Amino acid sequence: MLSYWRQYLAISPFYLIFLAFSFVPVFYSLYLAFQRWDGLGEMRYVGVQQFEFLWSDPVFWLSVRNTLVIWVLSTVPTLFGALVLATLLHSVRRFKGFYRIALYVPNVTSIVAVSIFFGAVFSNNFGLVNAILGTVGISPVPWLSNPWLIKVVIALLMTWMWTGYNMIIYLAGLQAIPAQIYEAAKLDGAGPIRTFFRITMPIMRPIILFTVVISTINGLQSFSEPQVLFGSNAANPNLGGPGQAGLTTLLYFYQSAFVNNDYGYGAAIVWAFFVLIMVLVVVNWRIVQRGRKS
């Protein structure tokens with residue numbers, strides 16, 4: 001192995017940077033979760049007190065509920081819409097490249113810019129959506145003040161951004177299915193719907209599993225969307241809008257650690273949230289795998 005020291009030296013900067021800025025901070029945050037620290041004074045070991053307080057913290061559980069609701073409202077339509085769009089695009093003969101780019105552009109657009117745009121479009125008083133509703137005689141809808149509608153707006157934002165990403169993955173999977181399989185099914189008298197559920201879906205199941213796992217991880221990490229929509233920062237710590245309806249767990253972590261300067265409790269929040277994400281990923285994995293075995 002020593003004979004390859006030049007190659008190891010060439011790739012070492014990546015691993016050194018990863019070690020310094022990713023690996024070490026992750027485990028340092030675990031150490032912080034057992035400390036009381038405001039970022040300036042001395043650390044004080046408190047054991048599991050942070051997690052005990054976390055268990056009885058109603059704001060934390062409110063943030064978990066908000067995060068789960070937003071995740072469901074965004075992930076289900078995202079994956080369903082991505083599969084429908086991929087199926088339609090797979091059958092398109094002309095301008096396929098244009099449609100791919102057009103549907104993928106939202107994913108590479110800045111989340112901050114998209115959040116500002118959605119905040120303007122769904123504004124309670126001067127938003128484009130309420131202006132359109134007003135032309136047909138519908139009174140303005142409180143998109144950014146109603147607890148449920150706040151979650152719907154955040155979910156729509158996430159759906160708009162991630163549908164194209166998942167659509168590209170599904171499209172690649174559809175294009176990898178041999179055409180001979182569909183021709184054989186057609187000769188056997190199988191219609192489009194039966195072909196889709198009996199052939200396409202079983203073959204696409206590993207890809208669907210991948211997108212479910214990725215969507216679970218990404219969907220539960222919503223932070224920039226509510227932060228930008230409701231101006232949550234050190235000068236205006238309103239915790240996710242009216243009634244804290246848009247308060248996600250990562251936004252609560254941000255408020256606890258960087259606004260309230262309680263870094264130990266912030267670390268406890270993210271580690272508890274990490275466990276929650278892993279549990280949901282495993283549950284989704286088992287559900288999809290069980291469907292595959294059946």
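Here the structure is a predicted model, which is why all the values come from computation and not from measurement.
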Can you list the steps and then say if L276 with M278 is a side-chain contact (heavy atoms from CB on, under 4.5 Å)? CA-CA 5 Å; L276 174 63; M278 290 298 100; over 6 Å; no

Could you walk me through whether Y265 and D57 pass the side chain to side chain donor-acceptor pair (under 3.5 Å) check? CA-CA 11 Å; Y265 188 57; D57 183 3; 2.5 Å; yes

Chi angles and distances behind the side-chain contact (heavy atoms from CB on, under 4.5 Å) call for E225, L156: CA-CA 11 Å; E225 300 87 350; L156 285 174; over 6 Å; no

For I214 and N218, what are the C-alpha separation, side-chain angles and deciding distance, and is it a side-chain contact (heavy atoms from CB on, under 4.5 Å)? CA-CA 6 Å; I214 295 299; N218 289 332; 3.3 Å; yes

How far apart are the C-alpha atoms of I154 and L73, what are their side-chain angles, what is the distance that settles it, and do they pass the side-chain contact (heavy atoms from CB on, under 4.5 Å) test? CA-CA 9 Å; I154 297 174; L73 291 176; over 6 Å; no

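Using a 4.5 Å heavy-atom cutoff, the side chains of I150 and W143 are not in contact. Taking the side chain as every heavy atom from C-beta outward, F253 and S63 never approach each other to under 4.5 Å. Using a 4.5 Å cut-off on side-chain heavy atoms (C-beta onward), L157 and M161 make contact. No side-chain heavy atom of L88 sits under 4.5 Å from any side-chain heavy atom of V92. The shortest distance between side-chain heavy atoms of V281 and I277 falls below 4.5 Å. Annotation: side chain of V141 is not in contact with side chain of N146 (no heavy-atom distance under 4.5 Å). Side-chain contact between Q50 and R36: present, with at least one pair of heavy atoms (C-beta onward) separated by less than 4.5 Å. A 4.5 Å side-chain heavy-atom check between M158 and T78 finds every atom pair outside the cut-off.
Of all non-hydrogen atoms in F118 and V153, the two that sit nearest each other are CD2-O, 4.4 Å. Here the closest non-hydrogen pair linking A82 and N166 is CB-CB, 3.6 Å. Of all the heavy atoms in A267 and S29, the pair that sits closest is CB-O, 3.1 Å. Nearest heavy atoms, W271 versus L30: NE1-N, 3.2 Å. Looking at every heavy atom in both residues, P77 comes nearest to T159 through CG-OG1, 4.0 Å. The two atoms that bring A268 and L54 nearest to each other are O-CD2, 3.8 Å, heavy atoms only.
Listed for the T67 side chain is a donor-acceptor partner under 3.5 Å among the backbone atoms of T249. With hydrogens and angles disregarded, no donor-acceptor distance shorter than 3.5 Å links the side chain of D38 to the backbone of N261. Judged by distance alone, with hydrogens and angles left aside, the side-chain atoms of T75 form no donor-acceptor pair with the main-chain N or O of V72 at under 3.5 Å. The backbone N or O of L9 sits less than 3.5 Å from a side-chain atom of S12, completing a donor-acceptor pair. Not a single donor-acceptor pair under 3.5 Å links the side chain of T200 to the backbone N or O of F197. Using a distance-only test at 3.5 Å, with no hydrogens or angles considered, a donor-acceptor pair links the side chain of T248 to the main chain of S222. Side-chain atoms of S56 come within 3.5 Å of backbone atoms of F53 as a donor-acceptor pair (strictly under, hydrogens ignored). S123 places no side-chain N or O within 3.5 Å of a backbone atom of G119 that could act as its donor or acceptor partner. Under the 3.5 Å distance criterion, the side-chain polar atoms of T211 are matched with a main-chain donor or acceptor of I208. Under a 3.5 Å cut-off, the side chain of W37 and the backbone N or O of G41 do form a donor-acceptor pair.
One hydrophobic cluster, built from ILVMFWY side chains closer than 4.5 Å, holds both L85 and V108. Transitive grouping of hydrophobic side chains (ILVMFWY, heavy atoms separated by less than 4.5 Å) brings L68 and L251 into a common cluster. Each of V84 and W160 belongs to its own hydrophobic cluster when Ile, Leu, Val, Met, Phe, Trp and Tyr are linked at side-chain heavy-atom distances under 4.5 angstrom. In terms of hydrophobic clustering, with Ile, Leu, Val, Met, Phe, Trp and Tyr side chains grouped at heavy-atom distances under 4.5 Å, F126 and L133 are assigned to different clusters. L89 and F95 fall within the same hydrophobic cluster, defined by Ile, Leu, Val, Met, Phe, Trp and Tyr side-chain heavy atoms under 4.5 Å apart, directly or through other members.
For the atom pair CZ (R65) and CD1 (I70), the distance works out to 12.5 Å, reported to the nearest 0.5 Å. Rounding to the nearest 0.5 angstrom, the gap separating the CD atom in Q255 from the CD1 atom in I269 is 10.0 Å. To the nearest 0.5 Å, the span separating NZ on K96 from OG on S91 amounts to 7.5 Å. Here CG of L103 is found 9.0 Å from OG1 of T163. Values are rounded to the nearest 0.5 Å. Taken to the nearest 0.5 Å, the CZ atom of F273 stands 5.0 Å off from the CG atom of L220. One distance of note links CG of L187 with CD of Q180; it measures 11.5 Å at 0.5 Å rounding.
The environment of CG in L16 is crowded: more than 12 heavy-atom neighbours from other residues, nucleotides or ligands sit within 6.0 Å. Within a 6.0 Å radius of CZ in F196, more than 12 heavy atoms belonging to other residues, nucleotides or ligands are found. Surrounding NZ of K186 are at most 12 heavy atoms belonging to other residues, nucleotides or ligands under 6.0 Å away. Residue E42 qualifies as open at atom CD: its count of foreign heavy atoms under 6.0 Å is 12 or below.
Between F258 and Y263, the ring center distance clears the sub-6.0 Å criterion. Ring-centre distance between Y31 and F27: not below the 6.0 Å cut-off. The aromatic ring centres of F223 and Y254 sit less than 6.0 Å apart.
The ring-ring contact (aromatic ring centres under 6.0 Å, His included) pairs that include a residue from residues 60-93 are W55-W61, where partners are two or more places apart or lie in different chains. Residue pairs meeting the ring-ring contact (aromatic ring centres under 6.0 Å, His included) criterion with at least one partner in residues 164-185, sequence neighbours excluded, are W162-Y165.
Checked against side chain to side chain donor-acceptor pair (under 3.5 Å), S110 has no partners two or more places apart in sequence or in another chain.
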